[in-house]
2 protein chains.
Amino acid sequence: MSEKTTREQIVEAADALFYRQGYDHTSFADIAEAVQISRGNFYYYFKTKDEILDAVIEQRLADRRAMLARWEAETESPAERIRCYIKILITNQADIKRYGCPLGTLSSELAKLNHEAQGEAKALFTLFRTWLRRQFEELGHGAEADALALHVLAASQGVATLANAYQDDAFVRREVEGLFDWLDARLAEAKNTGKNGARPRKRQAAP
Amino acid sequence: MSEKTTREQIVEAADALFYRQGYDHTSFADIAEAVQISRGNFYYYFKTKDEILDAVIEQRLADRRAMLARWEAETESPAERIRCYIKILITNQADIKRYGCPLGTLSSELAKLNHEAQGEAKALFTLFRTWLRRQFEELGHGAEADALALHVLAASQGVATLANAYQDDAFVRREVEGLFDWLDARLAEAKNTGKNGARPRKRQAAP
DNA sequence: GAGGGTATAGGACGAACGTCCAAATTCAGG
DNA sequence: CCTGAATTTGGACGTTCGTCCTATACCCTC
């Protein structure tokens with residue numbers, strides 16, 4: 001277990017607390033208690049709370065970029081990669097049920113606070129949007145690739161919001177299955193059929 | 001223009017401010033300024049901020065119930081009613097782009113605050129969920145009616161979240177069209193075909 | 001072991017918060 | 001008009017917030 005910088009510890013704790021409690025509702029005192037440092041020590045690393053938020057968003061961007069790179073390395077087809085994204089809803093189900101989507105809830109909160117960092121939060125969405133678009137492009141959906149990417153993003157956001165409200169596992173599973181079916185239909189549509197890696201799955205009725 | 005009770009004015013102003021700024025970030029001073037009363041006067045009507053939140057949620061429930069009743073009166077088929085719900089994304093597009101969905105963002109915020117009123121906020125979702133389920137039941141989707149209702153809810157939540165992040169009108173229109181198409185496919189599936197009121201529209205490709 | 005940059009502690013600061021209260025004002029009925 | 005209830009006022013209260021400062025501890029290098 002490697003030693004972590006105080007700064008890294010602050011960002012890590014802030015990241016978790018912003019996710020669980022929201023940015024506005026998380027105080028310096030909360031973070032200080034989590035990291036076990038004094039409140040005054042923050043000023044040495046971050047001059048304002050906004051700077052911590054920027055660092056947290058930067059961290060989330062880096063984490064997600066690493067995740068996407070891992071998927072690129074581990075998978076063999078664009079379709080499989082898109083399925084990786086959809087499957088986050090299952091993998092992170094426990095957290096999503098309790099706190100919602102880390103991207104969506106932050107974006108919504110910053111919009112209400114009319115916070116400067118709205119743009120940075122949007123960049124988190126855009127990271128996935130661009131990546132998903134590329135996958136759809138590789139599948140042969142040139143013109144509509146971006147629309148398809150946004151659709152997948154929207155679908156996952158909606159599932160996360162309702163999963164958070166209702167804590168319903170079965171609902172999440174159903175919607176993920178529905179998204180897989182939707183993706184299969186897009187694969188069938190695509191021109192270069194055959195090498196797209198349609199999954200060996202038993203289909204079932206929508207949704 | 002009828003005179004409104006001070007209490008009604010407070011709830012109305014709080015409703016709008018909670019929507020635009022969030023519950024936690026809205027202070028008594030904000031509401032007092034909006035209603036043009038003194039801060040101390042709140043205590044006469046509401047003992048705590050939580051009580052104001054309860055009243056606001058109650059108000060939202062009443063508003064939405066009235067809206068559903070209006071749709072019941074103005075439409076002729078369940079399919080048309082479901083389309084009414086989907087069309088809110090267009091009707092309230094301006095507000096949704098700026099502040100997100102009033103139901104979803106409140107629910108998410110209260111979850112982060114771990115607030116007692118999470119259940120009441122969930123009831124707002126459940127109002128639409130139950131209503132949508134009934135529409136799907138009348139369309140002949142007995143067993144899966146609730147799943148279909150949740151799917152529509154999730155889809156609209158996702159669109160609202162991304163509309164808020166990206167301020168993209170074309171995206172919203174595309175997703176609404178996609179939902180209409182999805183609904184048409186469900187209508188075609190339904191057993192009692194013919195009297196379901198499939199819309200006279202030109203279809204186009206998904207999403 | 002002295003010196004100097006790095007890091008941490010602890011508290012002061014004013015502002016804003018939710019809450020609460022006592023006094024002032026408004027208003028209706030006798 | 002008088003009176004008592006309903007309503008409103010403005011400010012006090014204790015707390016917490018983000019910010020900022022200074023004093024102290026730490027640690028490497030000479």
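Naming: A, B, ... by sequence-line order, numbering from 1 per chain. Everything quoted here is computed from the prediction, not taken from an experiment.
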Notebook entry, point to check: Can you name the residues that form a salt bridge (Lys or Arg N to Asp or Glu O under 4.0 Å) with D169(A), not counting sequence neighbours?
Noted result: K97(A)
Checklist line | Test log, rule salt bridge (Lys or Arg N to Asp or Glu O under 4.0 Å), inputs R133(A) and E137(A) | finding: CA-CA 6 Å; R133(A) 188 184 59 204; E137(A) 281 168 355; 3.8 Å; yes
Notebook entry, point to check: Would you call R186(A) and H151(A) a side-chain contact if the rule is heavy atoms closer than 4.5 Å?
Noted result: no
Checklist line | Heavy-atom side-chain proximity of I31(B) to L17(B) below 4.5 angstrom | finding: yes
Note to self: I need the full list of side chain to side chain donor-acceptor pair (under 3.5 Å) pairs touching residues 37-53 of chain A, with sequence neighbours left out, sorted by first then second residue.
What the structure shows: Y23(A)-D50(A), D50(A)-H115(A)
Check: Given Y166(B) and F171(B), is the ring-ring contact (aromatic ring centres under 6.0 Å, His included) satisfied, shown in steps?
Finding: CA-CA 9 Å; Y166(B) 280 116; F171(B) 158 74; 7.9 Å; no
Checklist line | Heavy-atom check, side chain of I82(B) versus side chain of L139(B), under 4.5 Å | finding: yes
Next item on the list: Can you label the angle between the W71(B) ring and the Y85(B) ring as parallel, tilted or perpendicular, going by 30° and 60°?
Entry: perpendicular
Notebook entry, point to check: Which nucleotide span of DNA chain D, 5' end to 3' end, has atoms closer than 4.0 Å to non-hydrogen atoms of chain A?
Noted result: dC17(D) to dC21(D)
Checklist line | Protein-to-nucleotide contact annotation, 5' to 3' order, nucleotides 6-19 of chain C [B base; S sugar-phosphate only; - none; under 4.0 Å, heavy atom] | finding: SBBBBBB----SSS
Note to self: Among residues at least two apart in sequence or on other chains, which ones pass salt bridge (Lys or Arg N to Asp or Glu O under 4.0 Å) with R64(A)?
What the structure shows: none
Check: Are the side chains of L124(A) and R60(A) in touch, meaning some heavy atoms are under 4.5 Å apart?
Finding: yes
Note to self: What does the 5'-to-3' dot-bracket notation of DNA chain C look like when only Watson-Crick and G-U wobble pairs under 3.5 Å count, and pairs to other strands show as |?
What the structure shows: ||.|||||||||||||||||||||||||.|
